[in-house]
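Down below is the structure, laid out as structure tokens.
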Amino acid sequence: MAGQDIPEEYLDGYAHILAAASSTGRRLTREELDSRRALGERAADAGHGLRALVGAHLAATRAHWPAARTVRADSVLAAAEQAVDAFAEGYERAQRLAVRQEEAARREFIDDLLYGRSDLGLLAERAERFGLRLSYEHAVAVAQGPSGYEEGHPVPREVERALIGRFGDRSILLTTKDGRLVCVAPGDQDEVLRFFAKQAYAATGGGRVAIGRPQPGPGGVVQSYEEALNALDLAERLEIDEPVLRAADLLVYPVLTRDRQAMADLVVNTLGPLHQARGGAQPLIDTLAAYFDSGCVAAEAARRLALSVRALTYRLERIHQLTGANPSDPVHRYTLQTAVIGARLLDWPAKPF
């Protein structure tokens, strides 16, 4: 052994190179440097630490210090420096390659995990390598900021440091996908996702976070991830201002749009007459949306629309005249509100049916 449990094979030829180069003060040849780089790569692949390897080279330098008095110490140290530098270069090159391969494997796993493109049994086996046990329930949170984020960006790194600092290794997977931050956590650890939402909101400068429901099994991550994405899409369409959305609180909306044709018929039959208004249907649909979102309080709805209460009241009366449905009547209100939600979800009237 070469010291600190480093096998002699990683110092093969070092004593000869040290003696040959230091005796004349020459620089190491290309072949000698290449041999050191190759040994450095092999040592990295074998998992030896660079600190121990450098220590072994220093010990070998002392053990094989040339005895001839004509050899200058500077020449010995220069030869040792070149040899160790080439060895470290090969070591670092192997490590960079290993990191790239690991990143590629991790990215492939994440794509398969979130899109369900792999055999579930094999996916569960691969997941253990990344600290996930897919036989349990998992929930997924997705954070969307004003700009996109990729692996290595300061924002995901900041959130990851905060998560690890708070929870340590709790089978948490933090990654990025399509410019968004994604956190996968065990379904019974809601505090992890709540903390992720808080940190992501701060790190993204006020982004929005959606949390899917806990789902069991290898395919559960895909379901929870899709629920979180759908929640973000719903929030954008419905102009929901909440910074944290839970898919469990938005289940009524997928139900409403499950029969798209029925919803389209409701929207057209209920709100279609608003096209007759000056300025088209959109201003009156916005009025209804603000009125319902404010709890049918006219003063609050007027404030949100930057209108006077009198102007808002006129618009509501105009809606009643055109549609035959009175927004202040509880019987008519449900139909109008459902139609307004459908118009938002289907992007009507911007996209005619």
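These numbers come from the heavy atoms of this one structure, side chains and all, not from hydrogens, waters or symmetry mates.
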With a 4.5 Å limit on heavy-atom distance, are the side chains of I285 and P349 in contact? yes
Which residue, I172, L181, I211, V142, forms the side chain to side chain contact (heavy atoms under 4.5 Å, CB included) with F196? L181
Examine distances only and state if a side-chain atom of Q215 and a backbone atom of S224 form a donor-acceptor pair shorter than 3.5 Å. no
Please walk me through it: do L288 and L271 pass side chain to side chain contact (heavy atoms under 4.5 Å, CB included)? CA-CA 11 Å; L288 284 172; L271 303 178; 4.2 Å; yes
Could I get the full list of side chain to side chain contact (heavy atoms under 4.5 Å, CB included) partners for D329, not counting sequence neighbours? N326, V331, H332
Short question: side chain of D85, backbone of E81 - any donor-acceptor pair under 3.5 Å? no
Carboxylate-amine/guanidinium contact D190 R246, below 4.0 Å: yes
Test your reading of the model: is there a side-chain donor-acceptor pair from T338 to the backbone of T335, 3.5 Å cut-off? no
Please confirm whether the backbone N or O of Q144 pairs with a side-chain atom of R208, one donor and one acceptor, at under 3.5 Å? no
Evaluate T270 against T323 for side chain to side chain contact (heavy atoms under 4.5 Å, CB included), listing each step before the verdict. CA-CA 6 Å; T270 304; T323 65; 5.5 Å; no
Would a 4.5 Å heavy-atom cut-off, applied to side chains only, mark R213 and L251 as touching? yes
Are the side chains of H48 and I6 in touch, meaning some heavy atoms are under 4.5 Å apart? yes
If we only count heavy atoms from C-beta on, is the Y115 to K177 side-chain gap below 4.5 Å? yes
Please identify which of these residues, K351, R237, R260, meets the side chain to side chain contact (heavy atoms under 4.5 Å, CB included) condition with L346. R260
For the pair V221 and L173, evaluate side chain to side chain contact (heavy atoms under 4.5 Å, CB included) and give the outcome as yes or no after the intermediate values. CA-CA 11 Å; V221 173; L173 177 65; over 6 Å; no
Does D45 pair with R42 as a salt bridge, N-O distance under 4.0 Å? no
For the pair Q82 (side chain) and A78 (backbone), establish whether a donor and an acceptor sit closer than 3.5 Å, ignoring hydrogens and angles. yes
Below 4.0 angstrom, N of the basic side chain to O of the carboxylate: do R157 and E160 qualify? no
What verdict does the side chain to side chain contact (heavy atoms under 4.5 Å, CB included) test give for R72 and L77, after you've listed the backbone C-alpha separation in whole Å, the side-chain angles of each residue and the deciding distance to 0.1 Å? CA-CA 9 Å; R72 297 176 56 186; L77 293 176; over 6 Å; no
So OG of S35 and CD1 of I17: to nearest 0.5 Å the spacing works out to 4.0 Å
Is the side chain of R344 donor-acceptor paired with the backbone N or O of L238 at a distance under 3.5 Å, no angle test? yes
Keeping R180 on the side-chain end and A143 on the backbone end, is there a donor-acceptor pair under 3.5 Å? no
Is there a donor-acceptor pair under 3.5 Å between the side chain of Y14 and the backbone N or O of A83? no
From CA spacing to verdict: side chain to side chain donor-acceptor pair (under 3.5 Å), D286, Q282: CA-CA 6 Å; D286 293 340; Q282 191 62 58; 2.9 Å; yes
Short question: side chain of S294, backbone of Y291 - any donor-acceptor pair under 3.5 Å? yes
Atom OG1 of T175 and atom OH of Y149: how far apart are they, to the nearest 0.5 Å? 15.0 Å
Side-chain H-bond candidate by donor/acceptor type, Q261 with D265, under 3.5 Å: yes
I'd like to know if R304 and D241 make a salt bridge, using a cut-off of under 4.0 Å between side-chain N and carboxylate O. no
Quick one: does V244's side chain get under 4.5 Å of Y201's, heavy atoms only? no
